[in-house]
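Residue numbering restarts at 1 for every chain, and letters A, B, ... go by the order of the sequence lines.
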Number of protein chains: 2
Amino acid sequence: MQNLTRDELRQRLLACGLKATHQRIVVFETVMALHGQHPVAEEVYQLLKPANPSISLGTVYKTLDTFVESGLINRVFTEEGGKRYDPNTEAHSHIYCSNTKEIIDFEDAELDQLLLEFFKTRNMENFQFRSCSVQLMGCKVEPDKKVTIQRVSK
Amino acid sequence: MQNLTRDELRQRLLACGLKATHQRIVVFETVMALHGQHPVAEEVYQLLKPANPSISLGTVYKTLDTFVESGLINRVFTEEGGKRYDPNTEAHSHIYCSNTKEIIDFEDAELDQLLLEFFKTRNMENFQFRSCSVQLMGCKVEPDKKVTIQRVSK
DNA sequence: ACTTAGATAAGAATGATTCTTACTTGGTAA
DNA sequence: TTACCAAGTAAGAATCATTCTTATCTAAGT
């Protein structure tokens with residue numbers, strides 16, 4: 001996830017048919033810089049506020065929802081209620097820690113492949129499949145350290 | 001999912017170390033009758049209110065959370081925010097329809113098996129695994145008809 | 001039946017999100 | 001370039017779900 005310049009951000013907005021306003025560019029920039037995290041609107045607002053004190057919280061809420069509708073970002077599913085956003089639009093799964101309440105990206109090409117293969121063996125009636133992902137529930141052993149999930153080396 | 005008698009419900013509450021109050025029995029009974037659905041607290045409240053007009057909404061909220069803590073029911077992950085509950089505590093996945101906003105249970109033993117096998121091939125560092133499930137995103141073709149996902153017959 | 005820790009009713013308080021309205025602006029076309 | 005207007009925004013009011021508070025009540029053990 002390279003950092004995009006404001007002009008590149010502007011292009012992506014226009015490509016979605018959205019007016020490239022200053023507010024949208026800044027919200028987009030801020031949320032993209034949080035790749036790997038899953039912020040709520042308020043958090044995005046707090047981050048961009050110092051450099052952009054005139055942008056209102058309501059605009060951040062509205063803008064994030066607009067981005068989801070346009071597919072620029074995703075919502076992430078939560079157990080607690082509350083809307084969280086995910087800058088990562090690649091297929092990936094999430095790890096939910098019941099201890100720290102963290103939501104951690106889990107990218108695993110083999111898993112994605114496995115699921116795709118699986119759903120090829122299924123006949124879906126009356127359902128137009130868009131995507132699927134896995135949610136892993138559990139808890140961090142040491143709350144301050146990172147979680148890693150990797151292939152077992154033979 | 002057979003209907004449990006009130007005495008059986010009472011036993012299950014006591015087995016979890018919970019006082020078997022009238023309110024808890026009624027909330028438990030109501031939510032269990034919604035097997036396959038994923039109600040919010042308000043919906044449970046509306047259902048039990050006619051026969052139990054003295055139970056307050058706050059109690060329903062609190063009781064449902066107590067049940068989740070005790071493992072009698074689960075929360076279900078939502079994209080919209082808002083807390084929904086799942087009477088089904090067996091391992092299963094969910095289908096999310098972006099059209100009707102429905103959340104539909106998807107039980108598939110082969111999928112569960114596949115995931116278990118997969119995670120055996122992974123080494124988790126600093127994470128105590130509890131469970132996992134799949135979420136299927138898409139939309140119903142005909143909103144009023146049921147979705148079915150079944151093995152393709154050879 | 002007596003006791004008491006825990007549970008509840010009622011409604012106030014909170015907090016997140018949406019809505020309203022008057023004002024502003026990006027992008028288009030003259 | 002300028003003028004125009006559909007769309008976007010700021011500000012704050014309104015709404016809605018959920019939690020909290022407190023006085024009262026009750027299940028279950030003695």
Side-chain angles (χ1 to χ4, degrees), chain A residues 6-7 9-31 38-46 48-49 51-70 72-73 75-85 101, chain B residues 6-7 9-31 38-49 51-70 72 75-85 101:
Chain A
R6 291 206 167 178
D7 249 353
L9 294 170
R10 174 191 303 277
Q11 294 315 316
R12 293 204 53 197
L13 291 172
L14 293 174
C16 291
L18 298 176
K19 270 194 194 175
T21 65
H22 174 66
Q23 290 87 337
R24 283 179 177 165
I25 291 168
V26 168
V27 170
F28 200 13
E29 182 179 51
T30 304
V31 78
H38 308 89
V40 297
E42 178 73 36
E43 287 164 355
V44 174
Y45 175 64
Q46 290 303 332
L48 59 76
K49 195 169 153 182
N52 306 273
S54 71
I55 297 181
S56 80
L57 177 57
T59 297
V60 175
Y61 271 101
K62 193 159 192 311
T63 302
L64 289 170
D65 281 343
T66 302
F67 289 174
V68 171
E69 273 170 45
S70 304
L72 291 168
I73 62 175
R75 287 231 185 82
V76 61
F77 287 67
T78 62
E79 190 173 6
E80 316 283 321
K83 291 189 178 173
R84 293 191 168 273
Y85 298 86
K101 305 298 175 196
Chain B
R6 292 205 166 178
D7 248 353
L9 295 170
R10 174 192 303 278
Q11 294 313 318
R12 292 204 53 196
L13 292 172
L14 293 174
C16 291
L18 298 176
K19 270 194 193 172
T21 64
H22 175 66
Q23 289 87 338
R24 284 179 177 163
I25 292 168
V26 168
V27 170
F28 199 14
E29 182 178 52
T30 304
V31 78
H38 307 89
V40 297
E42 179 73 34
E43 287 163 354
V44 174
Y45 175 64
Q46 290 302 334
L47 283 169
L48 59 75
K49 195 169 152 182
N52 307 271
S54 70
I55 297 181
S56 81
L57 177 57
T59 298
V60 175
Y61 272 100
K62 193 158 193 311
T63 302
L64 289 170
D65 282 343
T66 302
F67 289 173
V68 171
E69 274 170 44
S70 305
L72 290 168
R75 287 230 186 82
V76 60
F77 287 67
T78 63
E79 190 172 7
E80 316 283 320
K83 292 190 177 171
R84 292 192 169 272
Y85 297 86
K101 305 299 176 195

Rounded to the Å, how far apart are [X] [atom1] and [N] [atom2]?
X	N	atom1	atom2	result
Lys19(A)	dC5(D)	NZ	P	13 Å
Leu64(B)	dA17(D)	CG	P	15 Å
Tyr45(B)	dC16(D)	OH	P	17 Å
Lys62(A)	dG12(D)	NZ	C1'	17 Å
Glu43(A)	dT17(C)	CD	C1'	15 Å
Glu69(A)	dA7(D)	CD	P	14 Å
Asp65(B)	dT19(D)	CG	C1'	10 Å
Tyr61(A)	dA10(D)	OH	C1'	16 Å

Considering non-hydrogen atoms only, spot the tightest contact between Leu18(A) and Ser70(A) and give its length.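 Of all heavy-atom pairs spanning Leu18(A) and Ser70(A), the closest is CD1-OG, 3.7 Å.
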Any idea which heavy atoms bring Leu64(A) and Ala41(A) closest together, and the distance? CD1-CA, 3.7 Å
Among Val31(B), Val44(B), Ile55(B), find the residue that satisfies the side-chain contact (heavy atoms from CB on, under 4.5 Å) test when tested with Val26(B). Ile55(B)
Residue that, paired with Arg84(B), satisfies salt bridge (Lys or Arg N to Asp or Glu O under 4.0 Å) out of Glu42(B), Glu43(B), Glu79(B):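 Checked Glu42(B), Glu43(B), Glu79(B) against Arg84(B); only one passes salt bridge (Lys or Arg N to Asp or Glu O under 4.0 Å): Glu43(B).
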More 5' along DNA chain D: Arg10(B) or Glu42(B), using each one's nearest nucleotide?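 By nearest-heavy-atom nucleotide position, the 5'-most residue is Glu42(B).
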If you assign His22(B) and Gly58(B) each to the DNA chain D nucleotide with the nearest heavy atom, which residue ends up on the more 5' nucleotide?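 Of the two residues, Gly58(B) wins.
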Check whether any side-chain nitrogen or oxygen of Gln23(A) sits under 4.0 Å from OP1 or OP2 of dT24(C), and answer yes or no. no
Less than 4.0 angstrom between a side-chain N/O of Ser56(B) and OP1 or OP2 of dT8(C), yes or no?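 False: Ser56(B) side-chain N/O out of range (4.0 Å or more) of dT8(C) OP1/OP2.
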Name the closest nucleotide to the [X] side chain, picking from [options].
X	options	result
Thr21(A)	dG27(C), dT18(D), dT9(D)	dT9(D)
Lys83(A)	dT9(D), dT18(D), dT17(C)	dT17(C)
Ser54(B)	dA9(C), dT19(D), dA28(D)	dA9(C)

[X] near the nucleic acid: base, sugar-phosphate alone, or nothing, with a heavy-atom cut-off under 4.0 Å?
X	value
Leu14(B)	sugar-phosphate
Gly82(A)	sugar-phosphate
Ala41(B)	nothing

Counting C-beta onward and ignoring hydrogens, is there a side-chain heavy-atom pair between Phe67(B) and Arg24(B) closer than 4.5 Å?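 Heavy-atom side-chain distance check passes, below 4.5 Å.
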